[in-house]
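A short worksheet on the structure shown next.
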Amino acid sequence: MSFSVAFSCKAVGLGHGEVIKIVGNTPSLGNNEISRAITLHTTQESYPYYETSVALPINATSFNTTAAQHSLQHSLQPQLNISYQYALFTGGKFNRWETSAEPRTLRAALPNVDQD
């Protein structure tokens, strides 16, 4: 099971050969490896916003539950904590991170999922 998350970044005045990418702590976001960063794209209609959508899988390691909850409810509550950062690439090479000192965080509590 997975769900799609749209990421959007406002970037005015990028020069020729400059690209915005995103990298984060999940396989879909490159496992924090800058070489696996995902490119954001823009159009005439969406400029100056650069965007991409990423499918984030929900697997057993995404769930947060207690043994008592599980035995009583037979369901698990997915709790996702994803950290990510935007990066500027120039000429296909990493140039610099966004100006934020700390990675951004996406926290999601999803509906219960039956595991029977």
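As the structure is a prediction and not an experimental result, all values here were calculated from the model.
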Is it the case that the side chain of Ser8 and the backbone of Glu51 share a donor-acceptor pair, with hydrogens and angles ignored and the cut-off at 3.5 Å? no

Is Tyr86 linked to Tyr50 within one hydrophobic cluster, defined over Ile, Leu, Val, Met, Phe, Trp and Tyr using a side-chain heavy-atom separation of less than 4.5 Å? yes

OH of Tyr47 to NZ of Lys10: how many Å apart, nearest 0.5 Å? 9.5 Å

Let me check something: do Ile38 and Phe89 share a hydrophobic cluster, defined by ILVMFWY side-chain heavy atoms less than 4.5 Å apart, either directly or through other members? no

Closest non-hydrogen atoms of Leu106 and Val5, given as atom of the first, atom of the second and distance, are CD2-CG1, 4.0 Å

Could you see if Ile20 belongs to whatever hydrophobic cluster contains Ile22? Use Ile, Leu, Val, Met, Phe, Trp, Tyr and a side-chain cutoff under 4.5 Å. yes

Would you confirm whether Asn25, through its side chain, and Ser83, through its main-chain N or O, come within 3.5 Å as a donor-acceptor pair? yes

Judged by atom type as modelled, is there a donor-acceptor pair below 3.5 Å linking the side chain of Ser28 to the main-chain atoms of Ala55? yes

Taking a hydrophobic cluster as the set of Ile, Leu, Val, Met, Phe, Trp and Tyr residues connected by side-chain heavy atoms closer than 4.5 Å, whether directly or through intermediates, do Leu88 and Ile34 fall within one such cluster? no

Results of side chain to side chain contact (heavy atoms under 4.5 Å, CB included) for Asn31 - residues two or more places apart only: Pro27, Glu33, Arg36

Kindly determine whether His41 and Thr43 satisfy side-chain contact (heavy atoms from CB on, under 4.5 Å), including the steps that lead there. CA-CA 7 Å; His41 302 279; Thr43 64; over 6 Å; no

Distance col, row Tyr84:OH vs Glu98:CD, nearest 0.5 angstrom, shows 8.0 Å

For the hydrophobic clusters of this structure (ILVMFWY residues joined by side-chain heavy atoms under 4.5 Å, transitively), does one cluster hold both Leu14 and Leu40? yes

Taking it one step at a time, do Thr105 and Ile82 satisfy side-chain contact (heavy atoms from CB on, under 4.5 Å)? CA-CA 6 Å; Thr105 303; Ile82 299 164; over 6 Å; no

Measure the spacing between CD of Gln85 and OG1 of Thr99 and express it to the nearest 0.5 Å. 10.0 Å

